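One-based numbering, in listed order, for ligands and for the atoms of each. Predicted model only: the values in this text are computed from it and were never measured. Only heavy atoms go into these numbers, but all of them, side chains included; no hydrogens, no water, no symmetry mates.
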Amino acid sequence: MSEVVTQAGEAESRDLSGAAWTDRYSRAVMDTFGSPQRVLVRGEGAYVWDADGRRYLDLLAGIAVNALGHAHPTLTAAISAQLGTLGHVSNFFGTPTQIGLAETLLRLAQAPAGSRVFFTNSGTEANEAAFKMTRRTGRTRVLALEGAFHGRTMGALALTHKHAYREPFEPLPAGVEHLPFGDTAALEAAFGPEAVAERGEVAALVVEPLQGEAGVRALPPGYLALARRLTEDSGALLVLDEIQTGMGRTGSWFAYQQPEVGGGIVPDVVTLAKGLGGGFPIGAVIAYGERAATLLGRGQHGTTFGGNPVAAAAGLATLGVIDRDGLLQSVVTVGEVLRSEIEAAGNPLVAGVRGRGLLLAVRLTRPVAAQVAAAALEAGLVVNAVAPDAIRLAPPLILTADQAREAARFFATVQIPEEPAP
Ligand SMILES: *Cc1c(COP(=O)(O)O)cnc(C)c1O
């Protein structure tokens with residue numbers, strides 16, 4: 001057999017230590033993510049195992065992705081069956097799983113007549129498509145919020161706020177303005193006569209109902225309702241990025257569907273990815289109503305893989321299990337266990353817990369999130385230092401109350417020594 005195509009991962013590689021794998025990683029994989037915290041070889045339910053045989057309770061789920069945990073039998077069977085039947089066709093053709101998933105998403109979204117779905121392979125591509133839709137309004141002014149994360153491709157990056165992500169890649173597509181987070185006066189001013197006279201009418205406002213990457217920050221109550229009124233009055237699109245918050249993560253199919261979050265609004269566009277495929281890469285754009293659904297006409301957008309039958313089967317299976325097993329309700333109750341047990345323990349390092357359902361952040365009283373995440377890993381928990389003073393928890397939606405208590409026990413006792421005064 002040719003040695004050019006290696007059999008890494010099999011045979012002699014199987015027993016490599018984590019350190020040896022990490023060494024190979026650093027020689028072969030681009031350094032954009034830094035060194036991996038562990039090299040993982042296996043998962044089952046809410047647990048993963050590393051190359052050294054250590055087990056971890058996965059409270060991050062691939063960053064809010066593995067809704068059904070790892071190696072879920074229904075998802076595995078659905079993907080395998082579809083791959084063994086019809087794995088890929090081009091978008092010159094339709095497939096039953098693609099059509100079925102589009103119809104299911106429209107039903108879950110309670111989308112009005114004329115609504116349509118566009119499938120992608122990732123979150124950033126979903127936002128890229130949404131960005132192209134905003135240009136088709138004939139306007140170019142797009143509003144986003146400070147702290148926003150919408151992805152890393154050039155269009156989505158223009159919507160993302162973080163300077164360190166943007167600056168090396170400028171010039172980015174023009175027309176995006178970032179408004180102070182949750183500031184209703186700034187939002188009204190952006191639609192006001194002076195701003196319009198100076199910079200033109202608004203094409204779209206793009207927002208996350210809860211900012212995930214910014215540390216699980218919820219918009220103030222009433223913000224989305226105001227956003228809906230202002231966009232509607234001016235003929236602008238309201239685009240909700242539910243890539244992280246959607247598909248059951250916060251206890252409803254879409255976060256905006258909770259009255260306290262969305263106040264009963266109907267958006268023009270919702271973007272999805274992360275949890276949608278249960279770990280299989282897929283994203284989607286839902287366009288609500290005829291106007292939004294026809295912004296991208298024939299030939300104006302495309303993708304080779306988007307909506308491929310295997311990804312669509314993964315989406316259908318994931319949504320099917322969430323529905324069948326009552327996981328939306330479980331997300332609410334288990335999320336509450338996680339929150340209340342962590343808060344009740346009264347660890348002086350913990351200031352509180354914010355977020356919704358199973359998208360939570362443990363607020364710390366000191367900026368030691370990186371050390372807390374490292375201590376968690378040592379203790380057998382995967383968490384994420386999402387901000388200097390916040391730990392993000394986005395576990396699989398199948399997390400049990402007992403597993404939530406196991407996680408809470410870590411936060412009850414974790415201690416990080418104070419730096420000695422210089
Ligand atoms: C993760 C994320 C994205 C980008 O998704 P990718 O699949 O990583 O491209 C966009 N928006 C939000 C809110 C996200 O959480």
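In this structure, CG on L187 lies 12.0 Å from CZ on F181, to the nearest 0.5 angstrom. Remark: E242 CD to R249 CZ distance equals 12.5 Å, nearest 0.5 Å.
Looking at atom 5 (O) of ligand 1, its nearest protein heavy atom turns out to be G123 CA, 3.3 Å. At the shortest separation from atom 8 (O) of ligand 1 among protein heavy atoms lies K274 NZ, 4.8 Å.
The aromatic rings of Y288 and Y256 lie perpendicular to each other, with more than 60° between the two planes, well past the 30° mark.
Residue E208 touches ligand 1 through its side chain alone, judged by heavy-atom distances below 4.0 Å.
A side-chain N or O of Q258 and one of T250 form a donor-acceptor pair less than 3.5 Å apart.
Set against the non-hydrogen atoms of H150, the atoms of ligand 1 under 4.0 Å away are 10 (C), 11 (N).
Counting only non-hydrogen atoms, the option in N127, D241, L240, T124 that gets closest to atom 4 (C) of ligand 1 is T124.
With Y56 as the aromatic partner, R38 does not meet the cation-pi criteria of under 6.0 angstrom to the ring centre and within 45 degrees of the ring axis.
Residue-to-ligand polar distances place F149 within reach of ligand 1: an N/O pair is separated by less than 3.5 Å.
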